[in-house]
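One structure below.
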Amino acid sequence: EINPQKLSALRNYVGGVAASGDGRRIGFTSPVGGALLVLDVGNGSAALQSQPQVCGLAGRGSGFLTSTESGLLDNRMHSRFWDNHIAQMA
(Lines give C-alpha, C1' and ligand atoms only; values in the text may rest on other atoms or scores of the structure.)
Protein backbone atom coordinates (compact mmCIF):
# COMPACT_ATOMS: atom_id res chain seq x y z
CA GLU A 1 0.00 0.00 0.00
CA ILE A 2 1.30 3.46 -0.94
CA ASN A 3 1.80 5.95 1.85
CA PRO A 4 -1.20 8.34 1.61
CA GLN A 5 1.04 11.41 2.01
CA LYS A 6 3.16 10.37 -0.97
CA LEU A 7 0.08 9.59 -3.04
CA SER A 8 -1.58 12.91 -2.17
CA ALA A 9 1.50 14.75 -3.49
CA LEU A 10 0.22 13.91 -6.99
CA ARG A 11 -2.87 16.04 -6.21
CA ASN A 12 -5.24 13.62 -7.99
CA TYR A 13 -3.56 14.12 -11.37
CA VAL A 14 -1.13 11.91 -13.31
CA GLY A 15 0.38 13.23 -16.52
CA GLY A 16 2.73 10.37 -17.40
CA VAL A 17 3.18 6.69 -16.52
CA ALA A 18 6.15 4.53 -17.53
CA ALA A 19 8.14 1.47 -16.50
CA SER A 20 11.87 1.82 -16.00
CA GLY A 21 14.02 0.26 -18.70
CA ASP A 22 14.82 -2.71 -16.48
CA GLY A 23 11.16 -3.18 -15.51
CA ARG A 24 11.83 -2.88 -11.78
CA ARG A 25 10.12 0.46 -11.22
CA ILE A 26 6.93 2.18 -12.31
CA GLY A 27 6.91 5.98 -12.40
CA PHE A 28 4.04 8.46 -12.26
CA THR A 29 4.42 12.18 -12.95
CA SER A 30 2.15 14.97 -11.81
CA PRO A 31 2.66 18.49 -13.17
CA VAL A 32 -0.16 19.64 -10.89
CA GLY A 33 1.62 18.29 -7.80
CA GLY A 34 5.12 18.95 -9.14
CA ALA A 35 6.10 15.40 -8.27
CA LEU A 36 7.49 12.13 -9.58
CA LEU A 37 6.34 9.04 -7.66
CA VAL A 38 8.38 5.88 -8.26
CA LEU A 39 7.16 2.47 -7.11
CA ASP A 40 9.56 -0.45 -6.73
CA VAL A 41 7.72 -3.52 -8.06
CA GLY A 42 9.95 -5.91 -6.10
CA ASN A 43 9.45 -4.63 -2.58
CA GLY A 44 6.50 -2.24 -2.96
CA SER A 45 8.37 0.81 -1.67
CA ALA A 46 7.49 4.27 -3.00
CA ALA A 47 9.89 7.17 -3.49
CA LEU A 48 8.68 10.72 -4.06
CA GLN A 49 10.74 13.37 -5.84
CA SER A 50 9.81 17.03 -6.10
CA GLN A 51 10.03 18.23 -9.73
CA PRO A 52 8.01 21.34 -10.58
CA GLN A 53 5.96 21.03 -13.81
CA VAL A 54 7.18 17.47 -14.51
CA CYS A 55 4.97 15.61 -16.95
CA GLY A 56 6.90 13.66 -19.61
CA LEU A 57 8.24 10.27 -18.53
CA ALA A 58 10.08 7.44 -20.28
CA GLY A 59 12.01 4.47 -18.94
CA ARG A 60 15.79 4.60 -19.23
CA GLY A 61 18.02 1.95 -17.69
CA SER A 62 17.06 1.52 -14.05
CA GLY A 63 15.47 4.98 -13.94
CA PHE A 64 13.58 7.51 -16.00
CA LEU A 65 13.94 10.38 -18.43
CA THR A 66 11.68 13.28 -17.44
CA SER A 67 10.59 16.51 -19.06
CA THR A 68 8.86 19.62 -17.79
CA GLU A 69 6.54 22.22 -19.24
CA SER A 70 9.25 24.86 -18.69
CA GLY A 71 11.89 23.28 -20.96
CA LEU A 72 13.82 20.85 -18.74
CA LEU A 73 14.66 17.55 -20.39
CA ASP A 74 16.77 15.16 -18.34
CA ASN A 75 17.31 18.00 -15.84
CA ARG A 76 18.88 20.24 -18.50
CA MET A 77 17.33 23.44 -19.83
CA HIS A 78 16.50 23.53 -23.54
CA SER A 79 15.11 26.24 -25.78
CA ARG A 80 12.12 24.03 -26.58
CA PHE A 81 9.18 23.10 -24.40
CA TRP A 82 7.87 19.60 -23.74
CA ASP A 83 4.61 17.90 -22.92
CA ASN A 84 3.88 14.43 -21.61
CA HIS A 85 4.72 12.60 -24.85
CA ILE A 86 8.15 11.00 -24.60
CA ALA A 87 9.03 7.67 -26.19
CA GLN A 88 12.25 5.73 -26.35
CA MET A 89 13.29 4.98 -29.92
CA ALA A 90 15.67 2.21 -30.86
Side-chain angles (χ1 to χ4, degrees):
E1 186 172 321
I2 302 171
N3 176 308
Q5 287 181 320
K6 289 181 180 178
L7 194 56
S8 69
L10 300 178
R11 297 191 48 206
N12 295 317
Y13 185 89
V14 171
V17 178
S20 61
D22 63 8
R24 295 181 177 176
R25 292 168 192 79
I26 305 294
F28 304 85
T29 60
S30 175
V32 175
L36 168 63
L37 180 66
V38 178
L39 304 180
D40 186 299
V41 298
N43 64 23
S45 66
L48 184 66
Q49 299 173 16
S50 176
Q51 258 190 345
Q53 298 181 329
V54 67
C55 194
L57 187 66
R60 183 177 64 183
S62 63
F64 298 94
L65 173 72
T66 61
S67 66
T68 70
E69 299 167 356
S70 59
L72 283 176
L73 177 66
D74 199 23
N75 292 315
R76 285 177 272 181
M77 186 57 75
H78 294 268
S79 60
R80 301 183 193 274
F81 295 93
W82 313 97
D83 63 7
N84 62 323
H85 300 97
I86 297 178
Q88 183 177 12
M89 299 181 72

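Predicted model only: the values in this text are computed from it and were never measured. Just so it is clear, the values below take in all heavy atoms, side chains as well, and ignore hydrogens, waters and symmetry mates.
Among residues two or more places apart in sequence or in another chain, the side chain to side chain donor-acceptor pair (under 3.5 Å) test is passed with Asn12 by none. For Asp22, the side-chain contact (heavy atoms from CB on, under 4.5 Å) partners are Ser20, Arg24, Arg25, Ser62, not counting sequence neighbours. Val41 pairs by the side-chain contact (heavy atoms from CB on, under 4.5 Å) definition with Ile26, not counting sequence neighbours. Remark: Gln51 engages Leu36, Val54, Thr66, Asn75 in a side-chain contact (heavy atoms from CB on, under 4.5 Å) (not counting sequence neighbours). Taking Leu7 as the reference, Ile2, Leu10, Leu37 meet the side-chain contact (heavy atoms from CB on, under 4.5 Å) condition, with sequence neighbours excluded.
The two residues Ala9 and Ala35 make their nearest non-hydrogen contact at O-CB, 4.1 Å. Closest approach of Ser70 to Met77, counting heavy atoms only: O-SD, 3.6 Å. Nearest heavy atoms, Ala58 versus Ala18: CA-CB, 4.1 Å.
Grouping Ile, Leu, Val, Met, Phe, Trp and Tyr by side-chain contacts under 4.5 Å, direct or through others, puts Val32 with Tyr13.
Once rounded to the nearest 0.5 Å, the distance linking OG of Ser8 with CG of Leu48 reads 8.5 Å.
Distance alone, capped at 3.5 Å, is enough to place a donor-acceptor pair between the Thr29 side chain and the Gly16 backbone. Asp74 places no side-chain N or O within donor-acceptor distance of the main-chain N or O of Arg76, the cut-off being under 3.5 Å.
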